[in-house]
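What follows is one structure encoded as structure tokens, with my remarks underneath.
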There are 2 protein chains.
Amino acid sequence: MKTIRDVAKNAGVSPATVSRVLNNKGYVSEEKKKRIEKVIQEMGFEPNQVARGLAKKTSNTLALIVSDITNPFFPELAKGAEYIARSHGYSLLLGNTKGVDNESNDYIKILMNKYIDGVIIATHDIDSQLLEKHRETPMVILEMENEIENACTIKVDNIQGSVTATEHLISVGCKKIAHIYGPLYDQTAKERLKGYQEVIRAHDEYKELTVPGDFTIDGGISAVRELLDEHPDIDGLFAGNDLMAVGVIKELSRLKIRVPEDIAVCGFDGIYLTKVFSPEITTIEQPIYEMGELAAEKLIDRIKNPHLNSEHIELKTKLVIRQSSNRNKLSL
Amino acid sequence: MKTIRDVAKNAGVSPATVSRVLNNKGYVSEEKKKRIEKVIQEMGFEPNQVARGLAKKTSNTLALIVSDITNPFFPELAKGAEYIARSHGYSLLLGNTKGVDNESNDYIKILMNKYIDGVIIATHDIDSQLLEKHRETPMVILEMENEIENACTIKVDNIQGSVTATEHLISVGCKKIAHIYGPLYDQTAKERLKGYQEVIRAHDEYKELTVPGDFTIDGGISAVRELLDEHPDIDGLFAGNDLMAVGVIKELSRLKIRVPEDIAVCGFDGIYLTKVFSPEITTIEQPIYEMGELAAEKLIDRIKNPHLNSEHIELKTKLVIRQSSNRNKLSL
DNA sequence: CTGAAAGCGCTTACAG
DNA sequence: CTGAAAGCGCTTACAG
């Protein structure tokens with residue numbers, strides 16, 4: 001490996017001067033600057049990031065902590081974040097918290113010892129005390145309004161999205177609309193439930209029909225069974241997330257209940273699967289890839305300017321109508 | 001941050017001695033060792049990985065280069081690799097090559113400058129000259145038999161898998177079996193095509209019916225259209241990968257062609273989607289998660305012992321029969 | 001504008 | 001068995 005000394009020697013200057021042009025910092029005469037840049041070019045010199053890291057307490061790497069990269073929501077997020085990170089000269093470290101025996105506690109410690117410059121947290125199973133403890137680390141937190149100081153929070157307007165979903169089912173002619181909500185310790189689940197309730201309560205002719213789910217496909221399957229036991233006559237179903245919507249539709253198809261003719265279904269999230277599934281699934285789309293990009297951008301802002309205040313960003317969702325609720329030809 | 005000096009001071013020894021117990025290397029008297037360990041405990045000292053990295057030319061991090069983490073094959077792989085990496089004290093860096101303007105060239109350079117200890121390559125769009133150039137770096141390469149010296153290669157027996165798939169369709173009563181193959185610069189695509197051909201050629205009553213695809217869902221859709229134009233009477237379809245199988249089934253359902261009654265379909269890969277899709281898709285399952293684990297294990301072996309020879313590992317596939325080919329009740 | 005020197009926090013021959 | 005010293009490759013006051 002070539003070092004900054006080699007460059008200095010070849011250019012007839014000191015390492016300090018080379019460092020100055022590398023970092024574009026401090027004064028260097030135009031002439032030497034040109035010369036040094038030329039030598040760097042010729043030698044194909046690349047500064048050693050580890051040495052630089054040690055000197056600057058920096059690593060030029062970001063971490064993305066997700067609960068489970070296997071959940072289709074996260075790859076898209078990761079892709080957006082990795083893209084931006086790389087464009088700015090950062091690398092992206094990936095961490096899965098799910099199924100980790102050692103507490104995720106260790107996780108952040110590891111990151112600290114590596115001088116990770118900042119972390120994007122996209123999992124709910126993280127101890128907020130822990131986050132509190134690492135308040136000096138630049139962070140952006142996804143889908144979780146948190147009271148962490150100094151952090152940036154990015155989420156979607158779940159209530160609005162869920163209002164839109166419910167109203168959509170009404171507009172499509174559904175008379176008995178049920179909702180499968182996610183685990184209530186999850187803030188998004190709570191908000192989505194709330195949006196559904198708001199709409200239903202605003203309409204006298206509709207009744208609240210809710211049943212709990214766990215945000216998984218299997219959870220969707222059991223929830224819809226439970227629902228049909230009690231209310232075999234529902235004709236609209238708003239699932240708290242897309243994964244459950246998939247489970248719902250699978251189970252309905254097994255039961256020979258037609259979607260959307262007998263029951264119209266709408267999910268939430270806008271994961272890839274909804275586009276791909278058959279029937280294609282109506283959903284409230286979050287800008288997942290963009291959230292990944294935005295998270296990385298905001299994180300990098302915070303790294304460059306550590307004194308930024310807390311910031312809470314709320315993004316818009318978008319109703320995407322697909323086959324699973326497309327009853328246009330049926331509604332009166 | 002506490003440093004090794006602080007520990008040394010508190011334990012009344014030199015930093016060198018602390019380092020020896022930290023690395024479990026060189027002689028340290030039992031008594032001092034105990035004492036030092038106690039102090040480390042009490043102080044909650046954790047060695048700074050960057051400083052260690054600089055001294056040892058090591059980073060305790062692995063990189064996983066995929067073409068597109070959004071392709072459902074990769075998250076599963078990544079999860080397995082990350083799990084093993086972490087268990088051994090390594091972190092996992094993620095890189096997507098797809099849609100990268102700067103050549104993936106840069107990618108490896110970056111890794112080198114960070115003292116990345118080893119890399120798992122799970123993409124085909126990587127320059128083999130480039131790999132050649134970095135022959136000193138421990139590498140494991142997935143799904144691509146490569147002539148890189150010193151590397152470990154992990155793949156699946158595609159030919160055998162594809163023989164199994166084709167024979168399965170025969171056993172289920174199909175008389176006209178077509179195959180959609182992937183892009184032939186991709187070794188897996190070539191091998192899978194070959195397996196299909198072997199079986200068909202061994203049976204006089206069957207005819208080879210193939211059409212090219214591109215390993216994407218949309219590719220599956222167009223391929224099946226093309227196929228049906230020319231051969232409307234096919235009753236079995238082996239898609240070169242699961243993503244194309246999904247496209248095929250979507251399109252067939254749109255055309256009101258029943259799966260498996262009219263056409264039985266089998267994919268290849270065993271991605272999560274096949275279990276989730278409706279109808280569930282018969283596939284030749286690769287042990288994806290395990291391949292991720294194995295890749296990380298082998299890589300770590302190579303890091304610890306840089307003089308290991310090339311190694312080519314071939315894993316078995318498994319036929320998983322699901323609804324899309326389940327004609328048991330129909331076959332004579 | 002530029003260089004010598006000290007420092008980032010650890011590791012590792014080397015001498016004892 | 002142990003410590004002082006040099007080194008990993010860069011950065012950054014400091015003095016000039």
Side-chain angles (χ1 to χ4, degrees), chain A residues 1-37 39-40 43-61 89 109-117 303-304, chain B residues 1-37 39-40 43-61 89 109-117 136 304:
Chain A
M1 277 282 89
K2 299 126 190 165
T3 73
I4 206 177
R5 295 190 88 83
D6 301 327
V7 175
K9 203 168 299 172
N10 286 354
V13 298
S14 77
T17 307
V18 177
S19 176
R20 280 188 200 100
V21 349
L22 245 23
N23 292 283
N24 222 301
K25 189 176 185 176
Y27 298 86
V28 181
S29 70
E30 265 311 304
E31 180 240 328
K32 291 206 171 163
K33 188 171 173 191
K34 286 255 150 56
R35 181 145 40 108
I36 291 171
E37 277 166 350
V39 173
I40 289 177
M43 300 180 61
F45 166 78
E46 303 267 341
N48 178 320
Q49 296 298 329
V50 177
R52 177 178 281 192
L54 183 58
K56 297 174 76 163
K57 294 184 187 303
T58 261
S59 67
N60 273 295
T61 114
K109 243 193 221 155
I110 291 171
L111 303 182
M112 297 303 95
N113 297 326
K114 292 197 168 175
Y115 287 153
I116 298 300
D117 300 322
I303 290 167
K304 300 205 163 141
Chain B
M1 276 282 88
K2 299 127 190 166
T3 74
I4 205 176
R5 294 190 87 84
D6 301 328
V7 175
K9 202 168 298 172
N10 285 354
V13 298
S14 77
T17 306
V18 177
S19 175
R20 281 190 199 97
V21 347
L22 245 25
N23 292 284
N24 222 302
K25 188 175 184 175
Y27 299 85
V28 182
S29 70
E30 266 312 304
E31 182 239 327
K32 292 205 172 166
K33 188 170 173 190
K34 286 256 151 56
R35 182 143 43 105
I36 292 170
E37 277 166 348
V39 173
I40 289 177
M43 300 179 62
F45 166 78
E46 304 265 341
N48 177 320
Q49 296 298 328
V50 178
R52 177 179 282 193
L54 183 58
K56 297 175 76 162
K57 295 183 186 305
T58 262
S59 67
N60 273 295
T61 114
K109 243 193 219 156
I110 290 171
L111 302 182
M112 298 302 96
N113 296 326
K114 291 198 168 173
Y115 287 154
I116 296 301
D117 300 322
E136 346 65 75
K304 299 207 165 141

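In what follows, every chain begins at residue 1, and chains take the letters A, B, ... in the order their sequences are listed. No hydrogens, no waters, no symmetry mates; every other heavy atom, side chains included, goes into these values.
Every residue was checked against the salt bridge (charged side-chain N to carboxylate O under 4.0 Å, His left out) condition with Lys33(B), not counting sequence neighbours, and none meets it. Partners of Lys25(B) according to the salt bridge (charged side-chain N to carboxylate O under 4.0 Å, His left out) rule, which considers only residues two or more places apart in sequence or in another chain, do not exist here. When the salt bridge (charged side-chain N to carboxylate O under 4.0 Å, His left out) test is applied to Glu37(A), no partner is found at least two apart in sequence or on another chain. Every residue meeting the side-chain contact (heavy atoms from CB on, under 4.5 Å) condition with Lys2(A), not counting sequence neighbours, appears here in chain and number order: Asp6(A), Met43(A), Phe45(A). In this view, Thr61(B) satisfies the side chain to side chain donor-acceptor pair (under 3.5 Å) rule with no residue, not counting sequence neighbours. Considering only residues two or more places apart in sequence or on other chains, Arg35(B) meets the salt bridge (charged side-chain N to carboxylate O under 4.0 Å, His left out) condition with Glu31(B). Among residues two or more places apart in sequence or in another chain, the side-chain contact (heavy atoms from CB on, under 4.5 Å) test is passed with Lys56(B) by Asn23(B), Arg52(B), Thr58(B). Partners of Ser29(A) under the side chain to side chain donor-acceptor pair (under 3.5 Å) rule, at least two apart in sequence or in another chain, do not exist in this structure. For Lys114(B), the side chain to side chain donor-acceptor pair (under 3.5 Å) test picks out Ser91(A), with sequence neighbours left out.
In DNA chain C, runs of at least 3 consecutive Watson-Crick or G-U pairs, each pair with both distances below 3.5 Å, span C:1-3 with D:14-16, C:5-12 with D:5-12, C:14-16 with D:1-3.
Nucleic acid contact for Ser29(B): sugar-phosphate only, since backbone atoms but no base atoms lie under 4.0 Å from a heavy atom of the residue.
The interatomic distance linking Tyr27(B) (OH) with dT12(C) (P) rounds to 16 Å, in whole Å. The CD atom of Gln49(B) sits 10 Å away from the C1' atom of dC10(C) (whole-angstrom rounding). Here dT2(D) presents its C1' atom at 15 Å from CD of Glu30(B), a figure rounded to the nearest Å. When the P atom of dC10(D) is taken as reference, atom CZ of Arg5(A) falls 10 Å away, rounded to whole Å. Taking atom CG of residue Leu22(B) and atom C1' of nucleotide dC10(C), one finds them 9 Å apart after rounding to whole Å.
When each of Ser19(A) and Val28(B) is assigned the nucleotide of DNA chain D with its nearest heavy atom, Val28(B) is the one assigned upstream, toward the 5' end.
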Might you list the N or O atoms of the protein lying below 3.5 Å from N or O atoms in nucleotides 3-5 of chain D, with each pair's distance?
from   : atom 1 : to       : atom 2 : distance (Å)
dG3(D) : OP2    : Ser14(B) : N      : 3.2
dG3(D) : OP2    : Ser14(B) : OG     : 3.2
dG3(D) : OP2    : Thr17(B) : OG1    : 2.6
dG3(D) : N7     : Arg20(B) : NH1    : 3.4
dG3(D) : N7     : Arg20(B) : NH2    : 3.2
dG3(D) : O6     : Arg20(B) : NH2    : 2.3

Could you pull out the protein-nucleic contacts involving nucleotides 7-9 of chain D (nitrogen or oxygen on both sides, under 3.5 Å)?
from   : atom 1 : to       : atom 2 : distance (Å)
dC8(D) : O3'    : Lys57(B) : NZ     : 3.0
dC8(D) : O2     : Ala55(B) : N      : 3.3
dG9(D) : OP1    : Lys57(B) : NZ     : 2.9
dG9(D) : N2     : Ala51(A) : O      : 3.2

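Applying the 4.0 Å criterion to OP1 and OP2 of dT12(D), one finds that Lys25(A) has a side-chain N or O inside that range.
The two residues Thr17(B) and Val28(B) come nearest to each other via the heavy atoms CG2-CG1, 4.0 Å.
Between Val18(B) and Val13(B) there is a side-chain heavy-atom pair separated by less than 4.5 Å.
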